[in-house]
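Next up is a structure, given as structure tokens.
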There are 2 protein chains.
Amino acid sequence: MKIEKEIKQDKFHSEYQKLAINILFTSNWLNSTTTKTLKPFGISSQQYNVLRILKGQSPNSISVNNIMERMIDKMSNTSRLVEKLRQKELIERVICEKDRRQVDVKITKKGIELLEKVKTEMNSFNLLTETISEKEAKIINKLLDKMRG
Amino acid sequence: MKIEKEIKQDKFHSEYQKLAINILFTSNWLNSTTTKTLKPFGISSQQYNVLRILKGQSPNSISVNNIMERMIDKMSNTSRLVEKLRQKELIERVICEKDRRQVDVKITKKGIELLEKVKTEMNSFNLLTETISEKEAKIINKLLDKMRG
DNA sequence: TAACATTTAATGTATGTACATATATTTTAA
DNA sequence: TTAAAATATATGTACATACATTAAATGTTA
């Protein structure tokens with residue numbers, strides 16, 4: 001649906017302003033779908049992002065700082081997020097012996113199993129395949145990368 | 001910069017998954033720029049969005065529900081956001097006489113003046129003009145609209 | 001018209017988030 | 001070698017947000 005209709009605004013100052021608004025709106029749209037899907041599993045979309053990052057490194061562990069660099073939404077309090085996941089026993093935290101400032105984080109078996117279960121219900125990406133082609137997806141990806149400079 | 005480098009992930013499950021992540025990442029990127037610009041003015045990006053909506057209707061007033069429908073991020077507690085703006089005297093609230101459930105909201109002179117001041121510093125849209133062409137912006141807008149179905 | 005449903009906005013509560021600051025450890029350089 | 005700087009993570013605080021619930025006014029219908 002046209003962004004004009006989605007937010008009931010019939011004209012924009014420029015095509016660039018419209019683009020910024022369109023990206024923000026589409027991001028919220030995607031995020032709310034994901035949040036709803038994750039709700040029954042008891043994790044937020046940010047926690048899901050961290051779990052996926054850790055699964056990508058598994059069976060190795062990575063530092064909190066390293067997690068932050070890989071997050072979609074680079075936030076200042078990754079440690080609190082990690083602590084929440086630890087309380088749910090989805091990850092493990094060990095103080096690094098080589099550098100005692102660092103904390104090594106690793107996904108647990110329980111964490112991997114949760115991701116497996118989520119996977120089957122995670123249809124926000126599949127949703128996109130019904131409306132645009134892979135070629136079109138590639139075009140947007142290329143232009144967004146260019147846009148950020 | 002390529003999204004792969006931005007979040008240190010060298011490959012994605014599909015072009016569609018990459019797209020979803022790219023949109024979320026770009027949205028955060030845009031939002032953090034806007035937030036930083038607005039900080040000295042003492043308003044959040046959501047409050048800025050509401051002010052702009054009200055300016056678009058000025059000198060008429062619209063209901064809280066109507067504001068919500070026009071917001072980029074349709075949140076459930078628009079009334080609290082409106083109350084924050086009222087405390088800063090940037091908007092006015094009057095209970096509608098025709099339908100006493102409804103609250104009519106209108107931007108004040110002070111609110112409009114704030115928007116004028118913000119305008120000169122609001123360069124997040126201008127930022128985009130340096131990296132992509134108007135034609136390219138149009139392409140992304142069209143595809144994002146198509147994507148959401 | 002009385003009872004029930006719907007609409008509009010506000011609020012309670014728990015959790016999330018940003019930002020500044022603190023603490024511990026390691027690195028650098030005088 | 002020791003003081004200062006840098007790094008990695010954690011925490012305090014104020015504010016934001018999601019979601020469910022409440023409250024008041026209006027609409028609908030038996």
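Here is the naming used below: chain letters follow the sequence lines, and residue numbers restart at 1 for every chain.
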*Hey, is the side chain of A/K98 poking within less than 4.0 Å of OP1 or OP2 on C/dT25, counting only N and O atoms?*
no
*Any B/Q102 side-chain N or O less than 4.0 Å from OP1/OP2 of D/dA24*: no
*Closest nucleotide among C/dT8, D/dG12, C/dT13 to the B/R80 side chain*: C/dT13
*So, is A/R93 close to the D/dA10 phosphate, meaning a side-chain N or O under 4.0 Å from OP1 or OP2?*
yes
*What do the steps show when you test A/L54 against A/K106 for side-chain contact (heavy atoms from CB on, under 4.5 Å), and what is the final call?*
CA-CA 6 Å; A/L54 291 174; A/K106 198 173 93 174; over 6 Å; no
_Interatomic distance where CD1 belongs to A/I62 and P belongs to D/dT9 [whole Å]_ = 10 Å
_Let's go through B/N22 and A/R148 carefully: what are the C-alpha distance in whole Å and the side-chain angles of both, what is the deciding distance for side-chain hydrogen bond (donor to acceptor under 3.5 Å, both in side chains) to 0.1 Å, and is it a yes or a no?_
CA-CA 11 Å; B/N22 212 341; A/R148 288 190 308 272; 2.8 Å; yes
*Could you state the CD1-P distance from B/I95 to D/dT26, rounded to the nearest angstrom?*
11 Å
*Examine B/F41 and B/I112 and state if one hydrophobic cluster contains both, with Ile, Leu, Val, Met, Phe, Trp and Tyr joined whenever side-chain heavy atoms are less than 4.5 Å apart.*
yes
*How is B/E83 classified with respect to the nucleic acid when contacts are heavy atoms under 4.0 Å: base, sugar-phosphate, or nothing?*
nothing
*Considering only heavy atoms and no angle criterion, is a donor-acceptor pair shorter than 3.5 Å present between the side chain of A/R101 and the base of D/dT9?*
no
*Pairwise distance CD(A/E92) to CG(A/D104) - rounded to 0.5 angstrom*: 11.5 Å
*Starting at atom CG of A/L81, determine the distance to atom C1' of D/dT11, rounded to an integer number of angstrom.*
15 Å
*Look at the side-chain N and O atoms of A/N65 and state whether any lies under 4.0 Å from the OP1 or OP2 oxygen of D/dA8.*
yes
_Nearest-angstrom distance from the residue atom CG of B/D104 to C1' of C/dT8_ = 12 Å
*Rounded to the nearest angstrom, tell me the gap between atom NZ in B/K39 and atom C1' in C/dT17.*
12 Å
*Taking only N and O in the side chain of B/K36, is any of them less than 4.0 Å away from OP1 or OP2 of C/dA18?*
no
*Nearest 0.5 Å, what's the CG-CD distance between B/L38 and B/Q46?*
11.5 Å
_Assuming nearest nucleotide by heavy-atom distance, tell me which of A/E97 and A/S44 is located more 5' along DNA chain C._
A/S44
_Do A/L90 and A/I67 land in one hydrophobic cluster if side-chain heavy atoms of ILVMFWY residues count as linked below 4.5 Å?_
yes
*Round to the nearest Å and state the distance from A/N77 atom CG to C/dA20 atom P.*
14 Å
*asked:* Looking only at the side chain of B/Q47 (C-beta and beyond, no hydrogens), which of the listed nucleotides C/dT11, C/dT26, D/dA16 gets closest?
replied: D/dA16
*What is the distance from CD of B/Q46 to P of C/dG16, rounded to the nearest Å?*
18 Å
*Base, sugar-phosphate, or nothing: which does A/K84 touch, judged by heavy atoms less than 4.0 Å apart?*
sugar-phosphate
_Spacing between B/N31 atom CG and C/dT17 atom P, to the nearest angstrom_ = 13 Å
*Looking at every strand, decide which applies to A/S63 at a 4.0 Å heavy-atom threshold: base, sugar-phosphate, or nothing.*
sugar-phosphate
*Closer than 4.0 Å, any side-chain N/O of B/S79 to the OP1 or OP2 of C/dA10?*
yes
